[in-house]
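First the structure, in the form of structure tokens, and then the observations on it.
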Amino acid sequence: VIIVEYIDEVWASAGLPAILPRDPHERAVARFWASYIDEKLFPAMRGTMTAEDEQRKALIEQVMSGLGLVEDAFGKCCKGGNFFGGETIGFLDIALGSLLAWMKVVEGATGVKLLDETKFPKLAAWSEAFCEAESVKEVMPEPERLAEFAMVIRERMRAAKAAAPPPS
């Protein structure tokens with residue numbers, strides 16, 4: 001997300017539309033939630049790919065709880081629009097949107113629908129609007145290719161763990 005902040009600063013000096021909100025309070029709120037997504041939600045999602053049984057279940061519960069918090073934040077930030085900042089894609093949309101393809105990978109690996117319309121109707125609608133945006137369609141990775149990549153990484157991590165000497 002730091003690179004997005006840099007791009008926002010460069011674009012603002014060139015007179016292009018802002019990514020971050022210009023209001024200081026709204027900007028702080030967007031940064032807070034982007035940090036939450038990056039530091040709490042994504043690590044729990046990533047952990048579900050290598051965890052087993054009870055640990056995986058606990059991580060899925062953590063992800064679902066986190067999505068509940070983000071759902072509430074969306075309701076407070078969206079100003080009645082389709083995106084976190086209103087009618088246009090902004091900083092927080094980019095932060096969460098960068099995880100959407102990975103969410104599909106996690107769903108496939110765990111059998112749990114993360115952006116369930118009944119549990120998170122606002123985020124489910126947001127996800128659909130985000131993925132339909134022309135600027136997003138061009139760059140959204142294919143979940144199938146990410147799943148293949150995730151399996152390679154998962155197997156490497158398992159092999160490294162198996163080859164590691166036992167703790168003393």
Side-chain angles (χ1 to χ4, degrees), residues 1-23 26-50 63-64 66-154 156:
V1 291
I2 292 171
I3 191 70
V4 177
E5 290 188 55
Y6 168 77
I7 291 168
D8 185 60
E9 289 176 20
V10 170
W11 282 7
S13 66
L16 295 169
I19 298 171
L20 275 157
R22 290 295 165 226
D23 176 77
E26 290 177 11
R27 189 169 46 249
V29 168
R31 284 180 170 144
F32 170 83
W33 285 110
S35 180
Y36 178 83
I37 289 164
D38 197 39
E39 296 172 16
K40 301 288 185 189
L41 192 59
F42 178 67
M45 277 179 42
R46 184 181 58 220
T48 65
M49 297 301 294
T50 56
V63 169
M64 300 304 271
L67 287 171
L69 295 173
V70 176
E71 168 95 355
D72 291 342
F74 179 84
K76 294 173 184 170
C77 295
C78 73
K79 303 174 189 172
N82 290 327
F83 303 105
F84 278 91
E87 292 302 325
T88 59
I89 291 175
F91 183 66
L92 198 44
D93 301 293
I94 295 168
L96 186 58
S98 68
L99 298 184
L100 287 175
W102 283 110
M103 285 184 189
K104 296 287 184 196
V105 173
V106 170
E107 288 175 351
T110 63
V112 176
K113 184 162 175 65
L114 298 180
L115 290 182
D116 185 312
E117 296 85 1
T118 59
K119 293 180 183 173
F120 310 116
K122 294 173 191 160
L123 286 182
W126 164 84
S127 171
E128 191 172 312
F130 183 82
C131 290
E132 288 299 315
E134 288 302 318
S135 58
V136 173
K137 285 181 184 179
E138 299 171 9
V139 297
M140 185 61 79
E142 298 172 24
E144 298 78 19
R145 292 192 65 194
L146 285 179
E148 291 171 10
F149 175 71
M151 289 303 115
V152 169
I153 297 300
R154 183 179 183 179
R156 286 183 185 172

Does any part of the side chain of M64, heavy atoms only, come nearer than 4.5 Å to the side chain of F120, both counted from C-beta? yes
Restricting to non-hydrogen atoms, name the atom on P143 and the atom on A101 that form the minimum distance, rounded to 0.1 Å. CB-O, 4.1 Å
Do V105 and M45 have side chains that get closer than 4.5 Å, going by heavy atoms? no
Please name the pair of heavy atoms, one in G86 and one in K79, separated by the smallest distance, quoted to 0.1 Å. CA-CB, 4.5 Å
What's the verdict on side chain to side chain contact (heavy atoms under 4.5 Å, CB included) for D116 and L67, showing C-alpha distance, side-chain angles and the deciding distance? CA-CA 10 Å; D116 185 312; L67 287 171; over 6 Å; no
Pairwise distance CG(L146) to CE(M151) - rounded to 0.5 angstrom: 11.0 Å
Could you tell me whether R145 and E148 make a salt bridge, using a distance below 4.0 angstrom between a side-chain N and a carboxylate O? no
Among residues at least two apart in sequence or on other chains, which ones pass salt bridge (Lys or Arg N to Asp or Glu O under 4.0 Å) with R27? none
Got more than 12 heavy atoms from elsewhere within 6.0 Å of NZ, K40? no
Can you tell me how far apart NZ (K104) and CE (M140) are? Round to the nearest 0.5 Å. 10.0 Å
More than 12 heavy atoms from other groups under 6.0 Å of NZ on K76: no
Over 12 non-hydrogen atoms of neighbours within 6.0 angstrom of CZ in R22: yes
L123 vs L114 side-chain heavy atoms within contact, under 4.5 Å: no
With heavy-atom distances below 4.5 Å as the criterion, would you say the side chains of F84 and W126 are in contact? yes
So I89 and S135, do their side chains get closer than 4.5 Å, heavy atoms only? yes
In this structure, CZ of F91 is separated from CG of D8 (nearest 0.5 Å) by 8.5 Å
List the atom of I37, the atom of A95, and the distance in Å for their closest heavy-atom pair. CG2-O, 3.9 Å
For F83, is there any backbone N or O sitting under 3.5 Å from a side-chain donor or acceptor partner on D93? no
About how many Å separate CG of L20 and CD1 of I7, when rounded to the nearest 0.5 Å? 11.0 Å
Would you name the heavy atoms of E132 and K137 that are closest together and state the gap between them? O-CE, 3.2 Å
Any non-hydrogen side-chain atom of M103 less than 4.5 Å from a side-chain atom of L96? yes
Are the side chains of C77 and E26 in contact, using a 4.5 Å heavy-atom criterion? no
Are the aromatic rings of F74 and W33 close, with centres under 6.0 Å apart? no
Using a strict threshold of under 4.0 Å (side-chain N to carboxylate O), is an ion pair present between R31 and D38? no
From L41 atom CG to L99 atom CG, the distance as rounded to the nearest 0.5 Å: 6.5 Å
Backbone of L69 reached by a side-chain donor or acceptor of D72 within 3.5 Å: no
Got V29 and L92 here, is their nearest side-chain heavy-atom distance under 4.5 Å? no
Mind telling me whether Y36 and F32 have parallel, tilted or perpendicular rings, with 30° and 60° as the class edges? parallel
